[in-house]
Structure formats: C-alpha cells, structure tokens
Amino acid sequence: MDQQKRVKLYTSPTCSWCRAAKAYMIDNGIEFTEADIISDPGARKEMVLMTGQYGVPVIRAGNGVVVGWNEAEFRRLMELQPKN
C-alpha cells in the first residue's frame, strides 16, 4: 500500500455502510480520518463539492474517491492486493 495516501472517510452516525467501511479500515490497520457530515457542516460541504451528492460513506484516498462502501473498489484505489 502507498503509505502516502491519506484516507478520509465521510460518514453519518446512522449509516451502517459507514460503520462497515470504518471497521474494515480498523481491522486492516489503515490509518484514516473520519468526518461526520451531520455534526461538521464544513465536511458536508467539502464532500458535496467533491462528489456532487449527499450519500455516505464517501472515501477519499489520495486523489481518488469511492462513493459508497465497496471493498474491491477501495482496495483498487489503495492499490492493495486481494485477500487470499
């Protein structure tokens, strides 16, 4: 994995897919910052400007973005090898 990629996870408190994405990152030792778009209007605006939509989770890694939780797409974005 490219250790230089900074990961930011945009979430909301009631989002089960956000919890799944967060758990995956914790379980796999991926450092990330979390931005709750409900309590942080600046993060919400940043996310909407970046993606054009309000749905979460949104994951930004380096210059790439994944909208929704999709492990395969996240692994591709992070250039991680598939799990065996």
Side-chain angles (χ1 to χ4, degrees):
M1 176 177 73
D2 180 354
Q3 293 295 334
Q4 299 303 312
K5 286 189 180 178
R6 294 189 177 194
V7 177
K8 187 167 186 177
L9 175 61
Y10 297 85
T11 65
S12 71
T14 59
C15 170
S16 61
W17 290 110
C18 298
R19 288 190 294 276
K22 185 176 176 179
Y24 175 87
M25 290 181 205
I26 291 168
D27 291 348
N28 288 278
I30 298 167
E31 292 184 25
F32 67 97
T33 57
E34 184 175 5
D36 179 342
I37 67 161
I38 302 303
S39 64
D40 183 347
R44 181 173 50 248
K45 181 178 181 182
E46 181 179 278
M47 183 190 80
V48 172
L49 288 173
M50 181 175 46
T51 65
Q53 53 88 44
Y54 287 89
V56 287
V58 168
I59 304 163
R60 185 180 71 211
N63 294 323
V65 175
V66 176
V67 177
W69 174 236
N70 179 318
E71 180 182 338
E73 183 64 16
F74 177 72
R75 293 180 70 77
R76 184 199 61 76
L77 181 65
M78 295 297 290
E79 299 169 3
L80 297 172
Q81 298 302 314
K83 287 184 176 180
N84 291 329

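This one's a predicted model, so the numbers in the text were calculated from it and none came from an experiment.
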- [ ] Please work out which of the three classes, parallel, tilted or perpendicular, describes the rings of Phe74 and Tyr24, given edges at 30° and 60°.
- [x] perpendicular
Open item on the list: Could you check whether any side-chain heavy atom of Phe32 comes within less than 4.5 Å of a side-chain heavy atom of Ile26, counting everything from C-beta outward?
Closed with: yes
- [ ] Report yes if the side chains of Val58 and Met50 come closer than 4.5 Å at any heavy-atom pair, otherwise no.
- [x] yes
TODO: Go through the structure and list residues passing salt bridge (charged side-chain N to carboxylate O under 4.0 Å, His left out) with Arg60, not counting sequence neighbours.
DONE: Glu46
Which pair of non-hydrogen atoms, one from [X] and one from [Y], has the smallest distance, and what is that distance?
X	Y	value
Ile37	Tyr54	CD1-O, 4.0 Å
Ile38	Ser12	CG1-CB, 3.8 Å
Pro13	Arg19	O-NH1, 3.2 Å
Cys18	Tyr10	SG-O, 4.2 Å

TODO: Report the C-alpha separation of Met25 and Val7 in whole Å, then their side-chain angles, then the decisive distance to 0.1 Å, and conclude whether the side chain to side chain contact (heavy atoms under 4.5 Å, CB included) test is met.
DONE: CA-CA 10 Å; Met25 290 181 205; Val7 177; 3.9 Å; yes
Open item on the list: To the closest 0.5 Å, what do you measure between CG (Leu9) and CE (Met47)?
Closed with: 11.0 Å
Open item on the list: If you count every heavy atom of other residues, nucleotides or ligands that lies below 6.0 Å from Asp27 atom CG, does the total exceed 12?
Closed with: yes
Open item on the list: If hydrophobic clusters are built by linking Ile, Leu, Val, Met, Phe, Trp and Tyr wherever their side-chain heavy atoms come under 4.5 Å apart, do Ile30 and Trp69 end up in the same one?
Closed with: yes
Open item on the list: For residues Met78 and Ile59: do they belong to one hydrophobic cluster (side chain heavy atoms under 4.5 Å, members Ile, Leu, Val, Met, Phe, Trp, Tyr)?
Closed with: yes
- [ ] Not counting sequence neighbours, which residues clear side-chain contact (heavy atoms from CB on, under 4.5 Å) with Leu77? List them please.
- [x] Ala61, Val66
